[in-house]
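Everything on this sheet refers to the single structure shown next.
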2 protein chains.
Amino acid sequence: MVLEIKPTQALRLWREVHLDLVRDTQPDLSVRQIAILLTIYLELPPHTVRGLAARLGVTKPVITRALDSMGKLGLVSRKRDELDKRNVVIQRTVAGALAVEHLADLVTARARELGPA
Amino acid sequence: MVLEIKPTQALRLWREVHLDLVRDTQPDLSVRQIAILLTIYLELPPHTVRGLAARLGVTKPVITRALDSMGKLGLVSRKRDELDKRNVVIQRTVAGALAVEHLADLVTARARELGPA
DNA sequence: CGATAATGATACGGCCCCGTAACGATCGGG
DNA sequence: CCCGATCGTTACGGGGCCGTATCATTATCG
C-alpha cells in the first residue's frame with residue numbers, strides 16, 4: 001500500500017489545499033502549530049510540553065505559546081499530571097478532532113481531483 | 001490517474017511534511033506565502049499583484065508584503081510592466097524554483113513512506 | 001486636455017510569534 | 001531534609017503579518 005505521487009501532483013495538491021486553507025480557515029495556524037496539532041492527534045498519548053518540544057526540535061516556550069493560542073481556539077486543553085505535578089498532560093478536544101478531520105477531508109478531496117502529472 | 005488517499009494517510013502525510021518543514025526550513029513561510037509561491041510557480045505567467053490577490057481571496061497589501069519578504073529571501077522578483085507601467089510583473093527566480101522543487105521532494109518522499117491506512 | 005479609474009505601495013495600530021533568559025513549583029537522591 | 005535537577009511558564013526585546021485607509025503613478029475616456 002505505497003502511495004504513488006509524482007512531484008507535479010504533490011505540488012498541485014499542496015497548492016490547492018493551501019488555497020483552501022487561506023480562504024476557508026478562520027484563523028490560520030502556523031506551520032509549527034499544525035505540526036503540534038497533528039502530533040497530538042495522531043500519536044499515542046500522553047503528550048507533554050517537553051516531549052512535543054523534543055519531537056519537533058523546538059524550544060519549550062514555542063510549545064507553551066502554541067498551546068496557549070490553540071487552547072483559546074478550543075483545539076487542545078491542558079491538565080496537570082497528578083502523579084508528577086511538574087508535568088502537564090495535553091489533551092484532545094472535540095473541536096480539535098473536528099478540525100483535524102476537516103483537514104483530512106480537504107486533503108483527500110483535493111487528491112481525488114488531481115489529474116495526471 | 002486518480003490519486004487514492006485515505007484520510008489517515010492524508011493526515012500522516014501532512015504531519016510528516018510539516019515536521020520536516022519545522023525542522024528543515026530556515027525561515028518557515030506562512031500558509032499565505034506558500035499559497036502565493038506555489039501559484040506563481042505552477043500557474044502560467046504573467047502574475048500581477050491584483051491577480052494573485054483575487055486568486056487567493058485576500059487584499060492587495062497581503063500580496064505586496066508577501067512579495068517583499070519572499071523577495072528578501074530571493075524566492076521571487078518584481079519588474080515593472082513596460083506596456084502598462086501601473087502593473088508589476090512577478091517573476092520566478094532560481095532560488096524560488098529550487099525551494100519549490102525541494103518541497104515537491106519532501107512531499108513525494110513522505111508519501112512513499114506511508115504505510116497502509 | 002482634464003477628470004476619473006486602476007494599480008501597486010505605504011502608513012498606522014494592533015496582534016502574534018520568536019529566542020534567550022529567568023522564574024516558581026515539584027521531585028528525587030544523598 | 002536539603003539541595004540540585006526537572007518541568008512548564010513567564011518576561012523581555014525584536015520582528016513579522018494583518019486589515020483598513022490612504023497615497024503616488026499611470027492609463028483611459030469624454
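Values below: all heavy atoms of this structure, side chains included; hydrogens, waters and symmetry mates excluded. Lettering follows sequence order; numbering is per chain, from 1.
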| message | Output the rounded distance in Å from CG (A/N87) to P (D/dC7). | response | 7 Å
| message | Please determine whether a side-chain nitrogen or oxygen atom of B/T59 lies at a distance below 4.0 Å from atom OP1 or OP2 of D/dC18. | response | no
| request: Starting at atom CZ of A/R50, determine the distance to atom P of C/dT26, rounded to an integer number of angstrom. | output: 16 Å
| query | Contact class for B/S30 (heavy atom, under 4.0 Å): base, sugar-phosphate, or nothing? | reply | nothing
| Spacing between B/K72 atom NZ and D/dG16 atom C1', to the nearest angstrom | 9 Å
| remark: Separation of D/dC18 atom C1' from A/L29 atom CG, nearest Å, is 16 Å
| task | Could you tell me which residues satisfy side-chain contact (heavy atoms from CB on, under 4.5 Å) with A/A99, sequence neighbours excluded, listed by chain and number? | result | A/L75
| message | Are the side chains of B/P45 and B/R92 in contact, using a 4.5 Å heavy-atom criterion? | response | yes
| field | Residues in side-chain hydrogen bond (donor to acceptor under 3.5 Å, both in side chains) contact with B/T39, at least two apart in sequence or another chain | value | A/R15
| request: Could you pull out all residues at least two apart from A/S69 that satisfy side-chain hydrogen bond (donor to acceptor under 3.5 Å, both in side chains)? | output: A/Q33
| message | My understanding is that only residues two or more places apart in sequence, or in another chain, count here; which of them pass side-chain contact (heavy atoms from CB on, under 4.5 Å) with B/A35? | response | A/H18, A/L19, A/V22, B/L56
| request: Supply the members, apart from A/V94, of the Ile/Leu/Val/Met/Phe/Trp/Tyr cluster built from side-chain contacts under 4.5 Å; use none for a lone residue. | output: A/L98
| What pairs with A/T48 under side-chain hydrogen bond (donor to acceptor under 3.5 Å, both in side chains), at least two apart in sequence or on another chain? | A/R50
| Value in whole Å for how far the C1' atom of D/dG8 lies from NZ of A/K79 | 16 Å
Collect all protein-nucleotide pairs involving nucleotides 10-12 of chain C in which both atoms are nitrogen or oxygen and the distance is under 3.5 Å.
none

| How close or far is atom C1' of C/dG8 from atom NE2 of B/H47, stated in whole angstroms? | 17 Å
| remark: Residue set satisfying side-chain contact (heavy atoms from CB on, under 4.5 Å) with B/D81, at least two apart, ordered chain then number -> B/L83, B/D84, B/N87, B/V89
| note | d(B/W14 CH2, A/L42 CG) to nearest 0.5 Å is 13.5 Å
| field | Per-nucleotide protein contact string for nucleotides 24-30 of chain D (B base, S sugar-phosphate only, - none; heavy atom under 4.0 Å) | value | --BS---
| field | D/dC17 OP1/OP2 closer than 4.0 Å to side-chain N/O of B/Q33 | value | yes
| Can you check the A/L67 CG to C/dC16 P distance for me, whole Å? | 16 Å
| request: Please report how far the helix from C/dC1-D/dG30 to C/dG30-D/dC1 bends, comparing the axis fitted to its first five pairs with the axis fitted to its last five, to the nearest 10 degrees. | output: 10°
| task | Respond yes when some side-chain nitrogen or oxygen of A/R32 is under 4.0 Å from OP1 or OP2 of C/dG19, and no when none is. | result | yes
| said: Can you measure B/I36 atom CD1 to C/dG8 atom P for me and round it to whole angstrom units? | reply: 13 Å
| side-chain contact (heavy atoms from CB on, under 4.5 Å) partners for A/V88, two or more places apart | A/R78, A/R80
| request: Kindly compute the distance separating OG1 (B/T93) from CE (B/M70), expressed to the nearest 0.5 Å. | output: 8.5 Å
| field | side-chain hydrogen bond (donor to acceptor under 3.5 Å, both in side chains) partners of A/R55, counting only residues at least two apart | value | A/E43
